[in-house]
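Report on the structure given below.
Only heavy atoms go into these numbers, but all of them, side chains included; no hydrogens, no water, no symmetry mates.
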Amino acid sequence: MRLTIVPLLAYLALGVSAQAATYTLDPAHTYPQFEIRHLAFSTLHGQFNQTAGKITMDRKKNLGSVEATIQVGSLDTGMPKRDADLLAAPFFDADNHPTMSYKSTKVSYQGEDKATVKGSLTLRGVSKPVTLHVTRISCGLNPILKKPVCGFDAWAQVKRSDFGMNAYVPAIPDEVKLTINSDAVEDSAAP
């Protein structure tokens with residue numbers, strides 16, 4: 001009986017402290033992904049394997065922030081030749097722009113598990129407003145780490161031409177869907 005109550009009490013305590021906390025993105029569990037139609041045929045998926053950043057949340061005051069930096073060279077579509085093509089100048093131009101970043105300007109919560117994040121995406125040296133639609137926020141005590149962790153699922157839609165990626169439009173569509181799945185560890189619990 002005691003083994004059941006102790007984790008429950010820890011989780012309830014976490015629910016209170018999670019109202020105002022700062023979290024560090026867990027790079028092993030944070031994957032910004034994109035999908036775009038390939039010509040008029042299939043849908044191409046890719047992800048970036050190196051992301052760092054911070055998230056703050058204060059749901060009681062309806063405040064928060066998101067800052068993330070992604071290493072463009074960590075692009076992975078599952079095919080090295082395609083990755084090399086996408087990292088070249090017509091697309092990501094990774095040699096001249098090795099990182100992309102996102103910085104929020106406003107966070108609004110919808111209940112306990114959803115939010116809208118307005119902010120700016122900087123890609124290829126161009127900054128444009130991008131809204132993240134957070135479809136899931138799930139916080140609790142990670143049973144393996146024994147630390148408070150929040151998980152997030154979010155998506156956004158962008159036009160690649162807004163960032164100077166005009167190659168092959170409209171044969172390859174301008175619209176790109178971004179999906180972000182992330183875990184973040186509360187800073188007070190970080191080693």
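- Judged by distance alone, with hydrogens and angles left aside, the side-chain atoms of K146 form a donor-acceptor pair with the main-chain N or O of P143 at under 3.5 Å.
- Counting only heavy atoms from C-beta outward, the side chains of Q157 and E175 approach each other to under 4.5 Å.
- Counting only distance, with no hydrogens or angles, the side chain of D187 and the backbone of T24 share a donor-acceptor pair below 3.5 Å.
- Between the side chain of R124 and the backbone N or O of A89, at least one donor-acceptor pair lies under 3.5 Å.
- The two residues L25 and A68 have their closest heavy-atom pair at CD1-CB, 4.1 Å.
- With contacts defined as side-chain heavy-atom distances shorter than 4.5 Å, the pair N49/Q47 qualifies.
- Of the options N181, I55, T30, a side-chain contact (heavy atoms from CB on, under 4.5 Å) to F152 is made by I55 and by none of the others.
- For K147 and E186, the salt-bridge test fails: no basic side-chain N is under 4.0 Å from an acidic carboxylate O.
- Within the 4.5 Å cutoff, side-chain heavy atoms of V134 are placed close to those of I137.
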Intermediate values then yes/no, side-chain contact (heavy atoms from CB on, under 4.5 Å), D162 and V158: CA-CA 8 Å; D162 286 347; V158 299; over 6 Å; no
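- In this structure, G78 and D76 approach most closely via the heavy-atom pair N-OD1, 2.9 Å.
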Ring pair (Phe, Tyr, Trp, His ring centres under 6.0 Å) between F48 and F92, intermediate numbers included: CA-CA 12 Å; F48 295 91; F92 285 98; 5.5 Å; yes
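- Under a 3.5 Å cut-off, the side chain of Y102 and the backbone N or O of G119 do form a donor-acceptor pair.
- Counting only distance, with no hydrogens or angles, the side chain of R59 and the backbone of Y109 share no donor-acceptor pair below 3.5 Å.
- For S161 (side chain) and D174 (main-chain N/O), no donor-acceptor pair under 3.5 Å exists by modelled atom type.
- Side-chain atoms of E35 and T43, non-hydrogen and from C-beta on, do get closer than 4.5 Å to each other.
- A donor-acceptor pair under 3.5 Å links the side-chain atoms of R160 to the main chain of P173, judged by distance alone.
- By the rule that hydrophobic residues join a cluster once side-chain heavy atoms approach within less than 4.5 Å of another member, V176 and V169 end up as members of separate clusters.
- The main-chain N or O of D26 is never found under 3.5 Å from a side-chain atom of D183 such that the two would form a donor-acceptor pair.
- At most 12 non-hydrogen atoms from other residues, nucleotides or ligands lie less than 6.0 angstrom from NE2 of H38.
- Residues L178 and I172 fall within the same hydrophobic cluster, defined by Ile, Leu, Val, Met, Phe, Trp and Tyr side chains chained together at heavy-atom separations under 4.5 Å.
- G73 and L87 get closest at one heavy-atom pair: CA-CD2, 4.1 Å.
- A distance of 9.5 Å separates NZ in K177 from NE2 in H45, rounded to the nearest 0.5 Å.
- Counting only heavy atoms from C-beta outward, the side chains of T131 and T116 approach each other to under 4.5 Å.
- Looking at S104, its side chain does come within 3.5 Å of a backbone N or O of V66 through a donor-acceptor pair.
- Within the 4.5 Å cutoff, the side chain of I70 has no heavy atoms near those of the T99 side chain.
- In this structure, the side chains of F163 and M100 stay at 4.5 Å or more apart for every pair of heavy atoms.
- To the nearest 0.5 angstrom, K106 atom NZ is 9.0 Å from K118 atom NZ.
- Criterion: ILVMFWY side-chain heavy atoms under 4.5 Å apart, direct or through other members. Under it, L44 and V72 are part of a common hydrophobic cluster.
- No side-chain donor-acceptor contact under 3.5 Å links R136 to the backbone of D113.
- Linking Ile, Leu, Val, Met, Phe, Trp and Tyr residues whenever their side-chain heavy atoms come within less than 4.5 Å places I180 and I36 in a single cluster.
- F41 and M79 fall into different hydrophobic clusters, defined by Ile, Leu, Val, Met, Phe, Trp and Tyr side-chain heavy atoms under 4.5 Å apart, directly or through other members.
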Residues K103, S120; criterion side-chain hydrogen bond (donor to acceptor under 3.5 Å, both in side chains); working and verdict: CA-CA 5 Å; K103 185 170 183 175; S120 181; over 6 Å; no
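- Between the side chains of S101 and T69, no donor N or O sits under 3.5 Å from an acceptor N or O.
- Residues K81 and D83 are not in side-chain contact: their nearest non-hydrogen atoms beyond the backbone lie 4.5 Å or more apart.
- Here CG of N142 is found 8.0 Å from NE2 of H29. Values are rounded to the nearest 0.5 Å.
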Derivation of the side-chain contact (heavy atoms from CB on, under 4.5 Å) call for Y23 and M57: CA-CA 8 Å; Y23 298 83; M57 290 196 308; 3.9 Å; yes
